[in-house]
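Here's the structure, in structure tokens; my notes come after.
Worth knowing before you read on, the calculation uses all heavy atoms, side chains too, and leaves out hydrogens, waters and symmetry mates.
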Amino acid sequence: MSFTSIPVLDLSLAKDPATKLAFLADLRHALMEVGFLYLKKFGIPQEVVDQVIREGKSFFDIPNEEKLKIEMKKAPSFLGYSRLSAEITAGAIDHREQIDLSTEHPLPEPGAPLHYNLLAPNQWPSPKVLPNFRQVFTDYMKKMGEISIYFTSLIAEAIDLPPNAFDKYFDKDQQHKLKIVKYPDVCTLGKEGKEGNQGVGPHKDSMLSSYLLQASHHRGLQVQNILGKWIDCPPIPGTLVVAIGQGLEALTQGVCVSTTHRVLSPAAGEGARFSIPFFQGVSGDTTFVDLEQVGVGQVPEHIKEQRRRVLRASGGQRLDDVEFTFRKGGVATTLGEATLRNRVKSHPDVGERWYPEILRSLREEQGRAAAGSRNSTEGGGAAMVPEGKTVEAH
């Protein structure tokens with residue numbers, strides 16, 4: 001039967017031998033049948049979480065000229081501030097304002113692969129306007145990096161793989177990413193709100209796992225179940241929302257499901273919704289050949305059969321607004337190259353300044369796909385659907 005709510009798991013139970021097996025069983029259910037879960041008692045004190053939320057919200061209150069000093073298009077790393085409605089998902093404008101951060105790296109050496117530009121220092125707001133911001137988020141990203149690596153080891157155990165099964169895909173100084181996002185309500189959007197209430201369009205996360213801190217009381221995040229119905233994922237105090245990415249689904253031969261989700265803008269008069277998603281990174285040098293031909297080894301057959309039973313119980317098919325796009329065969333041969341192309345597609349203003357050749361290539365691909373769609377439709381056949389992009393947003 002398809003899920004109608006999102007399960008809540010207590011991470012502290014995984015650390016007690018007396019309760020770990022029951023935790024892993026609950027985790028296996030969430031991985032196979034939902035692809036989303038709430039995680040409570042995840043190892044960060046509530047007072048620290050509260051400070052992260054305060055500092056995150058405060059960013060949007062600083063003067064606009066301070067935000068524009070660190071605008072994303074000022075650097076080739078795709079780190080920094082994005083104005084309201086500056087990103088596109090599923091062919092439509094996302095009505096959100098945000099800042100992108102990551103665990104910091106030095107600038108790449110001359111001659112390094114182009115996707116190494118994604119490994120870089122952050123563009124931080126001035127300490128004159130936010131004196132505690134940098135330290136708070138540096139510490140939070142470090143702690144979340146540790147939690148995400150530990151949780152991935154539990155995912156491995158839940159599907160009867162060794163705890164270190166995914167370790168080969170993490171660099172020693174692995175980059176992880178974080179966004180601080182503000183979704184204005186549709187009244188605040190004014191004219192833009194008339195174009196729709198898409199905070200973020202339907203999408204799947206790209207890599208292994210992501211961890212969302214819902215930083216206000218608003219509903220808006222919705223998850224699509226196997227029957228195609230949208231299920232609310234409302235804020236629950238003291239929890240993170242964990243989403244499974246397409247990379248994990250690919251590596252586990254479809255056992256761990258990556259679920260389509262979206263964000264609706266708050267209704268008029270409800271005020272802005274805030275969220276702080278953390279995205280577990282994977283080594284950019286990982287090749288698609290390795291992911292699909294080597295990976296983490298074979299998932300045990302009895303685990304695969306459990307996933308097949310889930311599908312059979314729902315009629316044998318999966319109704320999904322977003323195609324599974326995490327596969328080889330495109331221009332990119334590594335995750336880093338694919339990530340760079342996706343970022344250019346999401347932020348064409350950055351692409352125009354720093355990656356004009358990639359942007360030109362993407363537009364040519366989109367033009368060919370559009371022409372193919374028109375020709376197919378005019379000929380009476382099914383329209384071709386251009387390959388979608390994975391997105392980092394909640």
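Between the side chain of Asn122 and the backbone N or O of Trp124, no donor-acceptor pair lies under 3.5 Å. Although no hydrogens or angles enter the test, the distance criterion places no donor-acceptor pair under 3.5 Å between the side chain of Glu337 and the main chain of Leu114. A donor-acceptor distance shorter than 3.5 angstrom exists from the side chain of His218 to the backbone of Glu270, with no hydrogens or angles considered. When atom types are taken as modelled, the side chain of Ser77 and the backbone of Leu118 share no donor-acceptor pair closer than 3.5 angstrom. Under a 3.5 Å cut-off, the side chain of Asp232 and the backbone N or O of Pro234 do not form any donor-acceptor pair. Of the possible donor and acceptor atoms, none in the side chain of Ser361 sits under 3.5 Å from a partner among the backbone N and O of Glu357. A side-chain donor-acceptor contact under 3.5 Å links Asn225 to the backbone of Lys229. Listed for the Ser12 side chain is no donor-acceptor partner under 3.5 Å among the backbone atoms of Lys41. Not one N or O on the side chain of Arg273 forms a donor-acceptor pair closer than 3.5 Å with the backbone of Pro266. Not one N or O on the side chain of Ser102 forms a donor-acceptor pair closer than 3.5 Å with the backbone of Glu104.
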- Task: Go through the steps for Tyr116 and Asp285 under the test side-chain hydrogen bond (donor to acceptor under 3.5 Å, both in side chains), then give the verdict.
- Result: CA-CA 9 Å; Tyr116 280 31; Asp285 291 329; 2.8 Å; yes
- Message: Before you tell me yes or no, could you show the steps for Lys345 and Gln366 under side-chain hydrogen bond (donor to acceptor under 3.5 Å, both in side chains), namely the whole-Å CA-CA distance, both residues' side-chain angles and the distance that decides it to 0.1 Å?
- Response: CA-CA 10 Å; Lys345 189 182 295 186; Gln366 292 166 342; over 6 Å; no
- Query: Which is it for Asp290 and Tyr169 under the side-chain hydrogen bond (donor to acceptor under 3.5 Å, both in side chains) test, yes or no, and what are the steps along the way?
  - Reply: CA-CA 10 Å; Asp290 177 274; Tyr169 296 114; 2.6 Å; yes
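Partner of His261 under the side-chain hydrogen bond (donor to acceptor under 3.5 Å, both in side chains) criterion, out of His203, Gln224, Gln222: His203 alone. For the pairing with Arg83, the side-chain hydrogen bond (donor to acceptor under 3.5 Å, both in side chains) check across Glu71, Gln98, Glu97 returns one residue only, Glu71.
Using modelled atom types and a 3.5 Å distance limit, the side chains of Gln175 and Asp171 yield no donor-acceptor pair. Between the side chains of Asn117 and Tyr355, at least one donor N or O lies within less than 3.5 Å of an accepting N or O. Side-chain N/O atoms of Ser209 and Gln280 include a donor and acceptor closer than 3.5 Å.
Phe133 and Phe137 have tilted rings, their planes meeting at an angle from 30° to 60° on a 0 to 90° scale. The aromatic rings of Phe151 and Tyr211 lie perpendicular to each other, with more than 60° between the two planes, well past the 30° mark.
Taking CZ of Phe288 as the reference point, atom OG1 of Thr333 lies at 8.5 Å (rounded to 0.5 Å). One distance of note links CG of Asp167 with CD1 of Ile149; it measures 7.0 Å at 0.5 Å rounding.
By the 6.0 Å contact criterion, CZ on Arg353 is enclosed, its count of non-hydrogen atoms from other residues, nucleotides or ligands being greater than 12. Other residues, nucleotides and ligands place more than 12 heavy atoms under 6.0 Å from the CD atom of Glu47.
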